[in-house]
Amino acid sequence: MTDSKYFTTTKKGEIFELKAELNSDKKEKKKEAVKKVIASMTVGKDVSALFPDVVNCMQTDNLELKKLVYLYLMNYAKSQPDMAIMAVNTFVKDCEDPNPLIRALAVRTMGCIRVDKITEYLCEPLRKCLKDEDPYVRKTAAVCVAKLHDINAQLVEDQGFLDTLKDLISDSNPMVVANAVAALSEIAESHPSSNLLDLNPQSINKLLTALNECTEWGQIFILDCLANYTPKDDREAQSICERVTPRLSHANSAVVLSAVKVLMKFMEMLSKDLDYYGTLLKKLAPPLVTLLSAEPELQYVALRNINLIVQKRPEILKHEMKVFFVKYNDPIYVKLEKLDIMIRLASQANIAQVLAELKEYATEVDVDFVRKAVRAIGRCAIKVEQSAERCVSTLLDLIQTKVNYVVQEAIVVIKDIFRKYPNKYESVIATLCENLDSLDEPEARAAMIWIVGEYAERIDNADELLESFLEGFHDESTQVQLQLLTAIVKLFLKKPTETQELVQQVLSLATQDSDNPDLRDRGYIYWRLLSTDPVAAKEVVLAEKPLISEETDLIEPTLLDELICYIGTLASVYHKPPSAFVEGGRGVVHKSLPPRTASSESTESPETAPAGAPPGEQLDVIPTQGDLLGDLLNLDLGPPVSGPPLATSSVQMGAVDLLGGGLDSLIGAPNFVAPPAAAVPANLGAPMGSGLSDLFDLTSSVGTLSGSYVAPKAVWLPAMKAKGLEISGTFTRQVGSITMDLQLTNKALQVMTDFAIQFNRNSFGLAPAAPLQVHAPLSPNQTVEISLPLNTVGSVMKMEPLNNLQVAVKNNIDVFYFSTLYPLHILFVEDGKMDRQMFLATWKDIPNENEAQFQIRDCPLNAEAVSSRLQSSNIFTVAKRNVEGQDMLYQSLKLTNGIWVLAELRIQPGNPNFTLSLKCRAPEVSQHVYQAYETILKN
């Protein structure tokens with residue numbers, strides 16, 4: 001008989017009967033009774049009154065009965081915490097049972113009982129199970145630590161369970177390793193600032209060894225953990241890739257995607273010239289193709305991930321176009337996604353194949369799919385110039401079908417083709433005009449009106465065509481009204497004598513009879529332009545338009561890099577970073593790809609960040625061209641003048657783990673007690689003679705003006721991405737205040753007003769100290785220079801990389817976003833000169849593992865010039881010594897949030913290469929301080 005009998009009792013006094021059965025002496029009867037209780041609980045009946053009787057049944061050797069009782073216990077422990085304590089004794093006993101299954105069951109149930117009163121009793125049994133000789137018990141205990149951490153994080157830390165978990169990463173059993181990694185990852189996710197998974201080459205090696213032997217879900221945990229590691233050089237990256245590659249042939253698609261994520265990330269560090277790089281590209285294609293033979297839901301997830309991969313590295317799948325051809329029985333969501341990827345892979349080599357396929361799709365029955373197929377033909381024309389003519393003739397064939405929605409989509413895309421290839425395909429305008437009457441969708445009507453206005457001189461009856469639209473002006477959508485207004489003004493400027501009445505009519509409709517502010521404003525601008533200066537009106541309205549870009553729907557590079565780090569997760573399906581859709585108190589760490597390195601570089605410059613540092617010591621976060629990077633990092637700053645740094649920012653900085661150490665207390669208190677003596681930096685141990693105190697007379701702590709360098713402005717937001725607004729800028733520090741020097745250029749055809757600016761939370765709390773003041777409207781082709789004062793009292797959130805700044809700029813047209821890197825030396829404050837004794841004591845006190853060494857190459861300056869140039873940017877020389885012919889400069893600087901950085905700079909006269917050693921309580925700052933040194937000394 002099946003278990004359904006337990007769900008079908010209707011006797012009166014059911015609870016009373018169950019109670020009697022639970023207390024029966026017969027084991028079988030007891031088991032039956034517990035099954036009935038669980039059945040009642042499952043269908044939602046309240047059987048909590050039986051708690052003491054069920055708990056009494058725990059004392060049994062029968063594994064099945066024990067499981068049932070534990071199940072009941074998990075469900076009701078929260079509502080009956082006092083009763084649940086009765087069960088603790090049994091847990092403790094079960095954790096020492098000779099049967100490992102019972103020990104594991106006990107520890108698993110303990111983790112599921114979320115009652116504070118009980119958790120402290122469970123620490124001892126859990127500690128024993130973590131060190132149990134049976135791997136099954138250890139792996140269960142590892143997960144239990146993560147559950148316990150969720151209930152009471154402090155308790156887990158106090159009891160030292162986290163250290164035990166870290167030890168389990170070196171366990172001999174791969175499943176234990178996988179569960180330990182899963183538990184630590186889970187805990188680290190809720191505490192992003194803690195460096196729990198302290199990954200180094202040794203622990204990575206252990207994880208890779210376990211990878212081959214654990215279950216599929218264990219492999220996923222390990223691969224996800226590997227993806228958070230940044231190899232120290234390209235050799236290590238290649239070695240990891242070689243050991244992860246076999247996972248690509250796994251049957252579980254989640255394992256495949258996790259492996260792809262690791263490989264995509266580490267490929268950033270491999271040189272494209274390597275043979276291995278080409279081999280890896282070839283190996284990545286087959287597993288991705290295989291994912292497309294799964295069921296539709298899995299296909300969709302795979303396609304969303306492939307979409308990201310193709311945007312980052314199209315060469316992986318460039319020969320696999322055929323697998324993205326649509327099948328007749330694909331669901332619509334799969335079809336649309338395949339279509340998108342086909343366009344991304346379209347090239348001169350395969351365009352004929354793609355167009356034939358797209359033309360076929362345009363005759364399908366699914367309206368949404370047909371529309372997208374027609375759009376795709378237009379996108380092909382814009383992307384592959386050689387195919388434009390073929391695409392246009394294909395579109396004309398489709399227009400001849402007279403299918404309404406096909407015609408409308410075709411007209412929308414032909415408008416874009418005209419924008420990309422002016423004066424090439426205008427012969428088709430006559431065909432388009434024949435279909436005017438059938439257009440009923442706003443986008444198609446607006447596109448047709450744009451074509452008529454733009455090419456009015458080639459269309460004999462342009463005025464009649466536009467007049468026909470004007471009859472129902474107020475019933476049209478805003479998009480059509482705005483387009484109609486512009487088209488008629490264009491027509492008037494081309495044929496003034498014939499269309500005077502028409503233009504007056506449309507201006508009157510747009511300004512006096514309309515309640516839409518956008519339409520009214522545009523109408524008034526045209527009216528004033530035409531009435532005051534028709535020549536200027538002609539220059540503005542009939543200006544030559546920039547060609548449209550090939551790929552308008554690409555994901556912004558910074559976001560794309562972040563999403564590549566989330567392949568195989570929900571973020572890669574939504575194409576949004578987790579911070580955009582994950583709510584709750586968990587800190588979201590922004591991930592990014594590691595910097596690209598080459599072997600030659602890796603041997604020259606020693607690794608600076610700790611091995612387990614999160615990826616992100618790279619500069620590739622700016623959405624515009626690569627040379628912008630150089631400009632940004634060459635920023636050097638104006639003369640510092642003493643002024644107290646704002647204490648507020650250092651207090652707020654507590655939110656992130658950077659705060660690790662202002663030497664002053666966080667609130668900026670100046671009384672610092674020198675710590676006991678320990679190790680001293682090389683050659684500083686000797687008593688500092690009289691010569692040091694007067695080496696620099698820096699009593700005022702005021703930097704000089706000489707040699708201050710400000711980088712040329714770089715384009716931060718190109719006009720193409722901001723509807724005609726181009727923003728260039730740079731950062732300066734002058735007289736103790738930070739400014740962002742901006743240059744706004746209007747490359748659009750309309751006036752821009754109502755400017756405002758906002759910064760996202762960032763590592764050092766940078767925020768505008770005043771609104772963005774653009775005093776007059778910004779006319780087309782006009783440029784304005786603005787200095788925006790900044791302070792460091794904004795909200796703080798640790799960014800990747802540390803000096804990343806995300807900015808939003810608003811005007812009357814839209815809101816635009818961009819990110820840029822600020823050079824760290826704008827944050828070096830004027831009171832950053834440390835007393836010599838304090839310098840010695842502090843250097844000793846900072847642990848040696850926090851010391852990072854760098855090479856500054858090709859700098860022809862001598863020690864005096866170096867010292868004076870650095871001082872102008874608030875890097876102060878505390879002492880100078882000459883040891884065995886080498887000049888040693890000991891320097892200090894202080895950031896706006898109170899963090900001190902100490903430096904030792906070795907200069908060998910005649911050798912243009914310097915050695916820089918940096919010590920800081922927040923070692924993640926060192927890489928950026930080194931970049932500041934390079935920038936200041938080389939410009």
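Small disclaimer: the values here were computed from a predicted structure and weren't measured. The figures here come from the full heavy-atom set of this structure, side chains too, leaving out hydrogens, waters and symmetry mates.
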Check residues 151-159 and write down every donor-acceptor pair under 3.5 Å in which the side-chain atom is one partner and the other belongs to a residue at least two apart or another chain.
| unit_1 | atom_1 | unit_2 | atom_2 | d |
| --- | --- | --- | --- | --- |
| Asn152 | OD1 | Gln154 | N | 3.4 |
| Asn152 | OD1 | Leu155 | N | 3.1 |
| Gln154 | NE2 | Asp158 | OD1 | 3.1 |
| Gln159 | OE1 | Arg127 | NH2 | 2.5 |

Please check if atom CZ in Phe266 has more than 12 non-hydrogen atoms from other residues, nucleotides or ligands closer than 6.0 Å.
yes

Does Glu849, at its CD atom, have more than 12 non-hydrogen atoms belonging to other residues, nucleotides or ligands within less than 6.0 Å?
yes

For [X], which residues count as a side-chain hydrogen bond (donor to acceptor under 3.5 Å, both in side chains) partner, sequence neighbours excluded?
{"X": "Glu242", "answer": "Gln238"}
{"X": "Asp167", "answer": "none"}
{"X": "Gln219", "answer": "Arg247"}
{"X": "Asn173", "answer": "none"}

Non-neighbouring partners of [X] that pass salt bridge (Lys or Arg N to Asp or Glu O under 4.0 Å), sequence neighbours left out:
{"X": "Asp171", "value": "Arg138"}
{"X": "Lys147", "value": "none"}
{"X": "Lys131", "value": "none"}

Listed partners of [X] passing side chain to side chain contact (heavy atoms under 4.5 Å, CB included), at least two apart:
{"X": "Ser170", "result": "Lys206"}
{"X": "Asp224", "result": "Ile220, Ser258, Lys261"}
{"X": "Pro912", "result": "none"}
{"X": "Asn911", "result": "Gln908, Asn913"}

Specify whether Tyr930 and Phe854 have parallel, tilted or perpendicular ring planes, treating 30° as the upper limit for parallel and 60° as the lower limit for perpendicular.
parallel

